[in-house]
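First listed ligand is number 1; within each ligand, the first listed atom is number 1. One is the number of the first residue; the rest follow in order along the sequence. As the structure is a computational prediction, the values presented were derived from the model and not from experiment.
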Amino acid sequence: MKIVVFGSGAIGSLFGALLAKHNTVVLVGRAPHVTSIRQKGLLINGKTRLTRMVPAVESTKEISFSPDLILLTVKSYDTETASSQLHPLLHDQTMVVSLQNGLDNIQKIGKNIEKKHILAGVTTHGALFLKPGIITHTGKGKTILGELNGHSSKRLKTLVTVFNQAGIETQMSTDIEREIWRKAIINSSINPLTGFLGCKNGYLLENPLLEKTAEFVCTESSLIVSSYGIRVSPGEMIEKTKEVIQDTAQNYSSMLQSIQQGKKTEIDSINGVLLRIGAKQKIDTSFNRILIELIISLYPT
Ligand code: PAF
């Protein structure tokens, strides 16, 4: 398969390196990461250990083929800009798969790309951008892919096979929208807490007060999502969130990594969307509100 991975942060680089084993992959990212990959290849250490000479570019204009798959792994606040650059790359069958955190990506991609091209996914892998050219795979997770209309299409089956062949444990879902909501609940409970405290994910379960706080956030976010008509249970989401924390205990969440790099965070696409829904539905949003304030105090938006 011919693949463009658009967004070569920690997750995009990890998936790009793995997919490059059996596929033609080009990474789209920024200097100095792209420069380093061009010079020395992309090095993955931690749970996965490999070095891959994978082509990397800073602009889609440098890509000379039309890919079968564009894996979108940019931060949610960059989704609109990124998807506005994809059109010249598309052929009739190109799949554009959003593998991002946040609740507003599909809507943003839909402003630039015809719906028939778009699929979505979620992943609970933990990855750390160690330095340009080097990514640490900090925690093995699971990946779920799905069609927006819930169909178990032929192209979705092919995609799942390609991911599994690359060593990325992947399942397909007939309700990917719900998986995106579930992932956002998990992110809402882990990312701002670890982002503000500057701790690894695992610390949330080492400190009883933090464990309780994460449970409160998770319950509040689940109730907000339920009020919107999405079937989720707070108890099950707490269990799932703790499982992700355990699996990625050694990871610094993507929100903390953004803060450490002096970059904007995805707080608005995660807790921000939940807060706005909660306010509309007249559901308590106190925990999400406080977390947003705390994160904004570190990186004013
Ligand atoms: O955003 C993140 O950091 C990741 O989605 C996860 C799974 C919480 C691991 O750190």
Determine, using heavy atoms of K183 and all atoms of ligand 1, whether some pair is separated by less than 4.0 Å. yes
Show which atoms of ligand 1 fall inside a sub-4.0 Å distance from at least one heavy-atom site of N101. 1 (O), 2 (C), 5 (O)
Has ligand 1 got any nitrogen or oxygen that is less than 3.5 angstrom from a nitrogen or oxygen of T123? no
Give the atom numbers and elements of ligand 1 that come within less than 4.0 Å of a heavy atom of S253. 3 (O), 10 (O)
Report yes if some N/O of N191 lies less than 3.5 Å from some N/O of ligand 1; otherwise report no. yes
Quick one: which of L128, N201, I190, V244 has a heavy atom closest to atom 7 (C) of ligand 1? V244
Before accepting this row, confirm whether a basic side-chain N of the pair K263/D78 lies closer than 4.0 Å to the acidic partner's carboxylate O. no
Does atom CD of E177 have more than 12 heavy-atom neighbours, drawn from other residues, nucleotides or ligands, at distances under 6.0 Å? no
Which option out of I186, N251, I11, V122 puts a heavy atom nearest to atom 10 (O) of ligand 1? N251
Do the rings of F15 and H125 sit parallel, tilted or perpendicular, given the 30° and 60° boundaries? perpendicular
Could you verify whether a donor N or O on one side chain and an acceptor N or O on the other, from K75 and Q100, lie under 3.5 Å apart? no
Could you check atom 3 (O) of ligand 1 against the protein and tell me its nearest heavy-atom contact, residue, atom and distance included? S254 N, 2.8 Å
Considering only the protein, which heavy-atom contact is closest to atom 4 (C) of ligand 1, and what is its distance? N187 ND2, 3.9 Å
Donor-acceptor pair between S98 and N105 side chains, under 3.5 angstrom: no
Please answer whether the main-chain N or O of H137 pairs with a side-chain N or O of T48 as donor and acceptor at a distance below 3.5 Å. no
Compute whether any side-chain donor of one residue and acceptor of the other, for S66 and H91, lie under 3.5 angstrom apart. no
